Amino acid sequence: MDAIGTLRMLSGQMELEHAEESQADAPKPACFTPKEQRAAFIHPAQLPNGKQIKLLKTLLSSACEKDCYYCPFRAGRDFRRATFKPQEFAELFMKLHQANAAEGIFLSSGIAAGGANTQNKILDTAELLRTKLGFKGYLHLKIMPGAEKGQVERLMQLADRVSINLEAPNTERLLKLAPQKTFIEELFRPLRWVEEIRRSQPAHKFWNGRHPSTVTQFVAGGSDESDLELLTTTDWLMKNVHLKRAYFSAFSPIRDTPLENKPAVDPMREHRLYQASFLLRDYGFDLEDMPFLQDGNLPLPTDPKLAWAQLNLSHKPVEINRAEKRELLRVPGIGLKGADAILQARRTGKLRDLAALRKLGVAVARAAPFLLIDGKHSASQLVMF
Ligand code: SF4
């Protein structure tokens with residue numbers, strides 16, 4: 001197989017496993033069928049700064065010695081595997097980059113001869129790209145379970161983003177998904193290292209003068225965990241180790257794995273988890289504000305922000321001309337930009353109607369039931385929209 005054939009194979013296989021670097025509607029794991037014929041290994045992706053790039057998402061190798069119960073690459077599973085040598089991949093990528101076909105890389109790998117050994121392969125690739133081949137674009141590099149702290153530090157110096165997939169929210173749940181991995185030592189501890197390194201190393205030691213961001217991924221519903229468990233861990237990571245975001249990939253069974261008969265999880269669960277995690281990260285919500293059901297899950301039919309507002313704002317609407325930013329952010333239909341725009345507009349005069357709010361980017365149909373404009377319930381104006 002030539003290098004492009006290897007890339008097509010590894011990238012197509014990876015797309016089935018990894019949902020990261022896209023938005024909430026990221027591609028999900030699907031019942032695994034090798035897709036050697038898949039042509040597209042470059043994906044449009046939005047970077048943390050909002051820039052759109054052509055991202056090459058691939059594994060360095062689909063050979064793996066681990067036996068994670070949900071994973072198409074688990075040891076012993078019968079399918080055609082492929083492996084790049086670091087130099088082979090780095091040179092191939094640079095050809096694509098010079099042809100303007102790819103601007104960034106998301107690089108992961110199956111594990112062979114231990115996590116530290118595999119991490120070295122990813123590090124070697126990144127070193128070649130950055131130091132020998134002069135690549136200055138976006139690099140998202142995976143931390144391998146079993147990596148050493150010194151490796152994580154070097155990885156961070158070369159990357160724009162690093163990640164390690166927790167897969168499950170705690171030790172007990174991980175046992176149901178990947179009993180060969182240890183939650184605290186192999187998965188959680190590297191996230192702490194990343195934070196320690198970020199705090200102890202000045203930014204100029206990192207390749208573009210900035211500390212890389214950190215993300216993780218969970219298999220939502222893979223271990224019968226609740227949304228409360230997933231969001232408790234996510235909230236802790238965001239508050240304590242600067243996790244930029246968590247990705248949630250709804251469990252979907254894969255043929256020839258121990259979980260092949262487990263029912264797929266409703267993709268709407270992913271969506272609700274993303275909404276809740278953004279409320280926790282950006283909107284001042286706490287876990288106690290989330291409308292968890294008795295089983296610890298979020299209701300699928302309702303946006304968690306709307307559910308909170310129906311319970312808390314229906315009889316106590318927010319006065320648009322006096323509310324503080326944190327109060328505005330609690331109103332459905334008012335986002336981060338909308339809240340700032342309202343505060344800015346209030347400096348020059350009163351907001352008098354929903355039309356003015358709409359011009360500021362507020363989704364007035366959603367917001368109106370929870371707003372007062374100069375003491376009057378704004379929902380009465382909705383007939384105009
Ligand atoms: S370590 Fe587990 S999740 Fe990662 S590729 Fe191997 S089997 Fe899959």
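In listed order, ligands and their atoms are each counted from 1. Computed from a prediction, not measured in an experiment: that's the story for all the values here. Hydrogens, waters and symmetry mates play no part in the numbers below; they use all other heavy atoms, side chains included.
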For atom 6 (Fe) of ligand 1, the option (of Ala178, Ser109, Cys64, Ala63) bearing the nearest heavy atom: Cys64
Carboxylate-amine/guanidinium contact Arg322 Asp374, below 4.0 Å: no
ring-ring contact (aromatic ring centres under 6.0 Å, His included) between Tyr138 and Phe106, intermediate numbers included: CA-CA 8 Å; Tyr138 178 79; Phe106 174 17; 8.7 Å; no
Atoms in ligand 1 flagged as close to Lys181, the criterion being non-hydrogen separation under 4.0 Å: 1 (S), 2 (Fe), 3 (S)
Heteroatom N/O/S of Cys71 within less than 2.8 Å of atom 2 (Fe) of ligand 1: no
Carboxylate-amine/guanidinium contact Glu229 Arg173, below 4.0 Å: yes
Audit row: Leu60, Phe89, side-chain contact (heavy atoms from CB on, under 4.5 Å) steps and yes/no: CA-CA 8 Å; Leu60 210 49; Phe89 172 74; 4.0 Å; yes
Region of Tyr69 that comes within reach of ligand 1 [heavy atoms, distance under 4.0 Å]: neither
Proximal atoms of ligand 1 relative to Tyr70 (non-hydrogen, under 4.0 Å): 3 (S)
Pairing of Asp227 and Arg269 as salt bridge, 4.0 angstrom limit: yes
4.0 Å heavy-atom contact, Glu65 with ligand 1: no
